[in-house]
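Have a look at the structure below, then the notes.
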Amino acid sequence: MTGKPGNYRYRILDSLISAPALKTIGLKVLDGKRITPEEGLTLFTEGELGFLGMLADEVRIRKNGDAAYYIRNYHIEPTNICVNKCLFCSFSHHFSPTKWELNMDAIIEKVEKLDETIRELHITGAVHPDRDIHYYGELLKKIKSIRPDLQLKAYSAVELDYMIKKSGMNFTDGLTWLKSCGLDSIPGGGAEIFDENLRRTICGMKSSAATWLEIHETAHRLGISSNATMLYGHVETPEHRIDHLERLRNLQDRTSGFNAFIPLKFRNSNNKLSNIAEVSVVEDMKMYAVARIYLDNFPHIKAYWPAVGRKLAQVSLSFGVDDLDGTINDSTRIYSMAGAEDQNPVMTVSEMKELITGAKRTPIERDSLYNFQLPPSLS
Ligand code: V47
């Protein structure tokens, strides 16, 4: 028998997996070794779901034990008026019947009304043609002046690219200034799919893959951590997915600045790709599992429940996921406008805990930067 006797996964690998390529990959993962892009591709094309789940579970446990994290958070989407026209987007004013642009006072009013238990404010939206870094910096400052305890995860790399260039700054100076205004971390949006040809087709007006990666790298070097996403389940192939994961893994090797990777399932209502059927649940779980296995240097894999629905998010906890994002309190429209099940996403803390314990994991409340206290039973 191969491997360590205490780990039943080695025995399963030995007795149930006959394809030599899958066996080799399985052994590598169980031994804690990194897999190659070719092996990642084999997992997508040859790997059966139970096998992928078993390997992803091994990596998840190694990194996070039985913890499943969540946060009390709230989103602010300042505008849906956008300079870009991405084919998958149901949110921007180009494709939606509604159009909004909250001014500073309206945003501050929302912040003032926030429950004091909320720990993170996630601010992201469209790339408004007239708003620059000074506007968005002032916004952060004002929010911090009334709620200094709120952690601000704000502005995707695509928004940052536009606002920083508009002000004539370089990325280092722009991000340094935003940090001084109160920026704590950067959300993972705008990554979509890095392959240049595909990116040109589905979101050609948007910041390039190289720019997205450069902004995150610059942020990490300035001590601003971030998340990464990938939009999957549209016209991409397994090769495109692995290429995307490989670029993220390489960047994380250099900086260690990413907190979580979030696979974002393409939802097909009300956008220019509505003719594409949404992928199956099996495909979703494979995506989570391969991400967990491949991104061996990412601490967390997140299932963003407003995008996939709470049932699927719960199941994902057995396919490498250790984080379910937050309580949200009906503050985001990106996914409801694209046809997600939860048209008004709200999760109470007790519902979140129930979801997590129902999957035999231990719910751990975290802050925006993954600081948390373990319960006495686990510490
Ligand atoms: O970049 C837009 C995606 C992203 C659709 O960092 C769509 O914690 C599927 O990045 N179907 C924005 N996806 C949201 C985002 C995010 C969400 C939650 C948490 C974090 C985090 C980041 O939403 C966009 C795009 O990839 N998106 N339209 C659609 N029809």
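Numbers here simply count residues along the sequence, with the first being 1. Excluded from the calculations below are hydrogen atoms, water molecules and symmetry mates; all remaining heavy atoms, backbone and side chain alike, are included. When a ligand or atom number is given, it counts from 1 through the structure's own listing order.
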Geometric N/O contact [X] with ligand 1, under 3.5 angstrom:
{"X": "Y304", "value": "no"}
{"X": "T229", "value": "no"}
{"X": "F88", "value": "yes"}
{"X": "K302", "value": "yes"}
{"X": "L231", "value": "no"}
{"X": "G189", "value": "yes"}
{"X": "E192", "value": "yes"}

Quick check on contacts: which atoms of ligand 1 are under 4.0 angstrom from a heavy atom of [X]?
{"X": "N271", "answer": "30 (N)"}
{"X": "P187", "answer": "6 (O)"}
{"X": "I262", "answer": "6 (O), 8 (O), 20 (C), 21 (C)"}
{"X": "G188", "answer": "6 (O), 10 (O), 21 (C)"}
{"X": "N227", "answer": "6 (O), 8 (O), 21 (C)"}
{"X": "G190", "answer": "1 (O)"}

Report the C-alpha separation of F266 and Y232 in whole Å, then their side-chain angles, then the decisive distance to 0.1 Å, and conclude whether the ring pair (Phe, Tyr, Trp, His ring centres under 6.0 Å) test is met. CA-CA 6 Å; F266 167 65; Y232 72 94; 9.7 Å; no
Could you check whether H220 and S256, counting side-chain N and O atoms only, form a donor-acceptor pair closer than 3.5 Å?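 Looking only at side-chain atoms, H220 and S256 do not form any donor-acceptor pair under 3.5 Å.
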Decide whether T327 and N329 meet the rule of one side-chain donor and one side-chain acceptor closer than 3.5 Å.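 Side-chain D/A pair, T327 to N329: absent.
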Mind checking whether K265 has a heavy atom under 4.0 Å from ligand 1?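 It does; at least one heavy atom falls under 4.0 Å.
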Would you please determine whether F91 falls within less than 4.0 Å of ligand 1 on a heavy-atom basis?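 Per 4.0 Å heavy-atom rule, F91 does not contact ligand 1.
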Salt-bridge test for [X] and [Y]: reply yes if a basic N is under 4.0 Å from a carboxylate O, no otherwise.
{"X": "K28", "Y": "E39", "answer": "yes"}
{"X": "K302", "Y": "D325", "answer": "yes"}
{"X": "D195", "Y": "R199", "answer": "no"}
{"X": "K141", "Y": "E138", "answer": "yes"}

Is [X] touching ligand 1 with its side chain, its backbone, both, or neither, if touching means heavy atoms under 4.0 Å apart?
{"X": "A338", "result": "side chain"}
{"X": "T124", "result": "neither"}
{"X": "H122", "result": "side chain"}

Please write down residue, atom name and distance for the protein heavy atom closest to [atom].
{"atom": "atom 4 (C) of ligand 1", "value": "L264 CD1, 3.7 Å"}
{"atom": "atom 11 (N) of ligand 1", "value": "R267 N, 2.9 Å"}
{"atom": "atom 7 (C) of ligand 1", "value": "Y335 OH, 3.3 Å"}
{"atom": "atom 12 (C) of ligand 1", "value": "I334 CD1, 4.1 Å"}

Is a side-chain donor or acceptor of Y162 paired with a backbone partner of H128 at a separation under 3.5 angstrom?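 Not confirmed, Y162 side chain does not pair with H128 backbone.
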D323 vs I301 side-chain heavy atoms within contact, under 4.5 Å: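 Result no, sub-4.5 Å side-chain heavy-atom pair not found.
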Verify the cluster assignment for F258 and I71: are they in a single hydrophobic cluster under the rule of side-chain heavy atoms below 4.5 Å apart?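 No, no single cluster joins them.
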Between F171 and W212, does the ring centre distance come in under 6.0 Å?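 For F171 and W212, the ring centres are not under 6.0 Å apart.
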Geometric class of the F194/H244 ring pair [parallel <30°, tilted 30-60°, perpendicular >60°]: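 H244 vs F194 ring planes: parallel.
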Can you say whether the rings of Y370 and H300 are parallel (under 30°), tilted (30 to 60°) or perpendicular (over 60°)?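 Y370 vs H300 ring planes: parallel.
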